[in-house]
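All of these numbers come straight from a predicted model, not from anything done at the bench. Ligands are counted one by one from 1 in listed order, and the atoms in each one are counted from 1 as well.
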Amino acid sequence: MPRRDVRTTEGRAAMLHAIAHIEFNAINLALDAIWRFDGMPDPYYTDWLRVAQEEAIHFGLLRDHLQSMGFDYGDFPAHNGLWEMAESTAGDVLARMALVPRTLEARGLDASPAIRERLRGVGDHAAAAILQRILTDEVGHVAIGNSWFRWCCEQRGLDPVATYASLALAHRAPRLRGPFNLEARRAAGFTEGELELLVSGG
Ligand SMILES: [Fe+2]
Ligand SMILES: [Fe+2]
């Protein structure tokens, strides 16, 4: 995907389209987490249903904004990374929780503030407000991922830090680069030890 110049309407629309596509995939991913993995406690299913509902709201907000700019969902090519990780982790709920909410959605926490500020900087305050809404809700999604990841580790007698490291390697998780949104990650339930590892690149 080419880097977009948010100062042009088309560049800004392309960037918002890329985020809309992530949100669209995220709806399906949350529903897939419900449908695919049975035998989890009831709150697991209500948690992911809430996530699906919020992802649908995010997608709708972005699509409405795109339309107000004279564009629509489907007008630009889109990146499929999120769905590739969904397929790669389809065999195990532990891997899914580790790599989708705790890795890819958490990466969204890091990326959102800078995107929000770029949008604000070019005067698109409506889009900046959507990015802020998404960031606030995504803290909750990552928190849900964290809590079910830890629950699975506990059930299986696994150490969360070592287990995450080996899953990230096995599923070729993208290398995470700063700046990290440590405040949001803390609010989403990452431990200080996990955050130190992240910052030190470990
Ligand atoms: Fe979202
Ligand atoms: Fe999300």
Given H17 and D75, is the side-chain hydrogen bond (donor to acceptor under 3.5 Å, both in side chains) satisfied, shown in steps? CA-CA 8 Å; H17 185 280; D75 284 352; over 6 Å; no

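In this structure, R102 satisfies the cation-pi test against Y164, with its NZ or CZ atom closer than 6.0 Å to the six-membered ring centre and inside 45 degrees of the ring normal.
Between the side chains of S200 and E196, no donor-acceptor pair is found at a separation under 3.5 Å. In summary, the side chains of N25 and H21 do present a donor paired with an acceptor at a separation below 3.5 Å, with no hydrogens or angles considered.
Taking the six-membered ring for Trp and thresholds of 30 and 60 degrees, F24 and Y73 have ring planes inclined between 30 and 60 degrees apart.
Checked by atom type and distance alone, the side chain of T89 pairs as donor or acceptor with a backbone atom of M85 at under 3.5 Å.
Take a cut-off of 2.8 Å around the Fe ion (ligand 2): the protein N, O or S atoms inside it are E55 OE2, E105 OE2, E138 OE1, E138 OE2, H141 ND1.
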